[in-house]
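Structure first, then comments.
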Amino acid sequence: MSDDAELRRLRWRCRRGMRELDQLMLRYLDGRWAAADEAERSLFLRLLDTEDDKLWRWFMGRERPEDSGLDGIVQRIIDLPH
């Protein structure tokens with residue numbers, strides 16, 4: 001798959017139906033994906049497979065993922081500049 005096709009596919013997967021989640025996911029995709037190593041990319045892809053209600057609680061700080069890798073990527077996304 002070409003890089004452009006992959007980015008279009010990921011951009012579609014980042015659309016969560018909640019503006020706040022969409023913005024967070026797309027901020028990561030636009031600002032960090034290109035520089036991320038395979039391990040970080042894998043964590044982001046796992047994050048995209050997570051249910052929206054869990055993502056919302058994690059990003060709003062109401063809960064933290066039990067998985068330390070997912071917790072790390074959530075914190076990295078929260079810390080990205082707006």
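In this chain, numbering begins with 1 at the start of the sequence shown.
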Inset, instruction - Applying salt bridge (charged side-chain N to carboxylate O under 4.0 Å, His left out), run through R76 and E40 and close with a yes or a no. - result: CA-CA 10 Å; R76 180 168 285 144; E40 184 175 318; 2.7 Å; yes
Inset, instruction - In sequence, state the C-alpha distance, the side-chain angles, and the governing distance for D22 and C14, and then conclude on side chain to side chain contact (heavy atoms under 4.5 Å, CB included). - result: CA-CA 6 Å; D22 293 357; C14 285; over 6 Å; no
Inset, instruction - Let me see the working for R11 and W33 under side chain to side chain contact (heavy atoms under 4.5 Å, CB included), right down to the final yes or no. - result: CA-CA 11 Å; R11 186 168 294 285; W33 178 262; over 6 Å; no
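Within 6.0 Å of atom CZ in R13, more than 12 heavy atoms from other residues, nucleotides or ligands are found, so the atom counts as buried in its surroundings.
Rounding to the nearest 0.5 angstrom, the gap separating the CE atom in M60 from the CD atom in E63 is 12.5 Å. Within the model, atoms CG of D49 and CZ of F44 stand 10.5 Å from one another, a figure rounded to the nearest 0.5 Å. Rounding to the nearest 0.5 Å gives a distance of 8.5 Å between CD of E20 and CG of L24. The CD atom of E6 sits 6.0 Å away from atom CZ of R41, with the distance rounded to the nearest 0.5 Å. Put simply, NZ on K54 and CZ on F59 are 13.5 Å apart, with the number rounded to the nearest 0.5 Å. Between atom OG of residue S68 and atom CD1 of residue I73 there is a gap of 12.0 Å, rounded to the nearest 0.5 Å.
Looking at every heavy atom in both residues, W58 comes nearest to L47 through CZ3-CD1, 3.9 Å. Counting all heavy atoms, side chain and backbone alike, L70 lies closest to D67 at N-OD1, 2.9 Å.
Listed for the D71 side chain is no donor-acceptor partner under 3.5 Å among the backbone atoms of E66. Under a 3.5 Å cut-off, the side chain of R27 and the backbone N or O of L80 do form a donor-acceptor pair. Side chain of R57 to main chain of R64: no donor-acceptor pair is present (N/O by atom type, distance under 3.5 Å, no hydrogens or angles).
With L48 as the partner, the side-chain contact (heavy atoms from CB on, under 4.5 Å) test is satisfied by one option alone out of L55, L29, L10, L43: L10.
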